[in-house]
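Structure first, then comments.
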Amino acid sequence: DNHFYDGRFTAAVAWHRNWRPAPGLRLGVGGQAEAGGGITYSLNGGNNPAEGRVALHVGPSVTADYAFRVGRRKWSVNSQMDVPLLGLAFTPTYGQSYYEIFNLGNASGVVQFNSFHNKFAMKNFFTVDFPVCNFTIRAGYLNSSYRTDINGIQSHIISHSFMIGLVKEFISFGGKRLKNTQRFRSAYY
């Protein structure tokens, strides 16, 4: 019986080529780059009570957005799916201590190329934007599936997250001097 604390962070950027096949509908196909890391801490101690992870990857990304009106207010339904295809990961082998890697120089194989042969990951977003007074609220669901088998260590992380937040879109190319705000097409509506 063991207990672990686990923390992860990710930062991603995606570029999409957009099409507008119908009024209010936007489809996008492109790529995404993501960097992430995390740490797992075992409360029972051992050779490595804390295990660090770092990964970089790129892959395809698709998105679909539909904007519509409810009364006079604009609403938007958004969906996005990302699948990492190629990347690099820092993963020590099972039982390999950080003392061996960093002090003794036994670092062979701790940085591994990853793709579908040893890693499968997928993120699905589904959000709804709706106005409340002068704000736009975003409510959504995120499903993340992450599976790796690198250096004899298997990881399976499946998460279901519900989120709520505020949406703000702004362009500050000209600050207060920017007169023609209609030149820029909204990314959301």
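We use all heavy atoms of the structure for the numbers below, so side chains are in, but hydrogens, waters and symmetry mates are not.
Residues Ile164 and Val128 share a hydrophobic cluster, clusters being chains of Ile/Leu/Val/Met/Phe/Trp/Tyr side chains in contact below 4.5 Å. Cluster membership check: Leu56 does not share its hydrophobic cluster with Leu86, using side-chain heavy-atom separations under 4.5 Å among Ile, Leu, Val, Met, Phe, Trp and Tyr. Ile157 and Tyr5 sit in two unconnected hydrophobic clusters of ILVMFWY residues. Membership requires side-chain heavy atoms under 4.5 Å apart, directly or through other members. Under the 4.5 Å side-chain heavy-atom criterion for grouping Ile, Leu, Val, Met, Phe, Trp and Tyr, Phe9 is not connected to Val54 through any hydrophobic cluster. Both Val111 and Ile101 belong to a single network of hydrophobic side chains, linked directly or stepwise wherever heavy atoms of I, L, V, M, F, W or Y lie under 4.5 Å apart.
Checked by atom type, the side-chain pair Gln80/Asn78 shows no donor-acceptor distance below 3.5 Å. No side-chain N or O of Asp129 forms a donor-acceptor pair with one of Thr136 less than 3.5 Å apart. Under 3.5 Å, the side chains of Tyr146 and His156 contain no donor-acceptor pair of N or O atoms. Under 3.5 Å, the side chains of Arg138 and Ser76 contain no donor-acceptor pair of N or O atoms.
At least one side-chain heavy atom of Ile137 sits less than 4.5 Å from a side-chain heavy atom of Leu166. His16 places a side-chain heavy atom less than 4.5 Å from the side chain of Ser61. Inter-residue side-chain proximity for Arg8 and Arg53 is flagged as met; some heavy-atom pair is nearer than 4.5 Å. The closest side-chain heavy-atom distance from Phe135 to Val167 is not below 4.5 Å. Using a 4.5 Å heavy-atom cutoff, the side chains of Thr127 and Met163 are in contact. For the pair Pro21 and Leu27, the minimum side-chain heavy-atom distance is below 4.5 Å. Between Pro60 and Leu85 there is a side-chain heavy-atom pair separated by less than 4.5 Å.
From Met122, atom CE reaches atom CZ of Arg147 across 11.5 Å, with rounding to the nearest 0.5 Å. Glu34 CD to Thr10 OG1: the interatomic distance, rounded to the nearest 0.5 Å, is 5.0 Å. With values rounded to the nearest 0.5 angstrom, Phe120 atom CZ is found 11.0 Å from Ser115 atom OG. In this structure, CG on Leu142 lies 8.0 Å from CG on Asn124, to the nearest 0.5 angstrom. Atom CG of Asn18 sits about 8.0 Å away from atom OG1 of Thr63, to the nearest 0.5 Å. In this structure, NZ on Lys123 lies 13.5 Å from CE on Met81, to the nearest 0.5 angstrom.
For an aromatic pair to be called close, the ring centres must be under 6.0 Å apart, and Phe162 with Tyr141 satisfies this.
A pairwise comparison of heavy atoms in Phe116 and Pro84 identifies CE2-O, 4.1 Å as the closest pair. Closest approach of Phe113 to Leu88, counting heavy atoms only: CA-CD2, 4.0 Å. Of all heavy-atom pairs between Ala12 and Gln32, the closest is CB-NE2, 2.9 Å. Scanning all heavy atoms of the two residues, the minimum distance from Ile150 to Ala89 falls at CD1-CB, 4.2 Å. Of all heavy-atom pairs between Lys74 and Pro131, the closest is O-CD, 3.2 Å. Listed here is the closest heavy atom pair of Ser79 and Phe126: CB-CD1, 4.4 Å.
Annotation: cation-pi pair Arg17/Trp19 present, NZ/CZ under 6.0 Å from the ring centroid and within 45° of its normal.
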| task | Quick one: do Phe125 and Asp82 satisfy side chain to side chain contact (heavy atoms under 4.5 Å, CB included)? Show the steps, please. | result | CA-CA 9 Å; Phe125 296 92; Asp82 307 315; 3.7 Å; yes
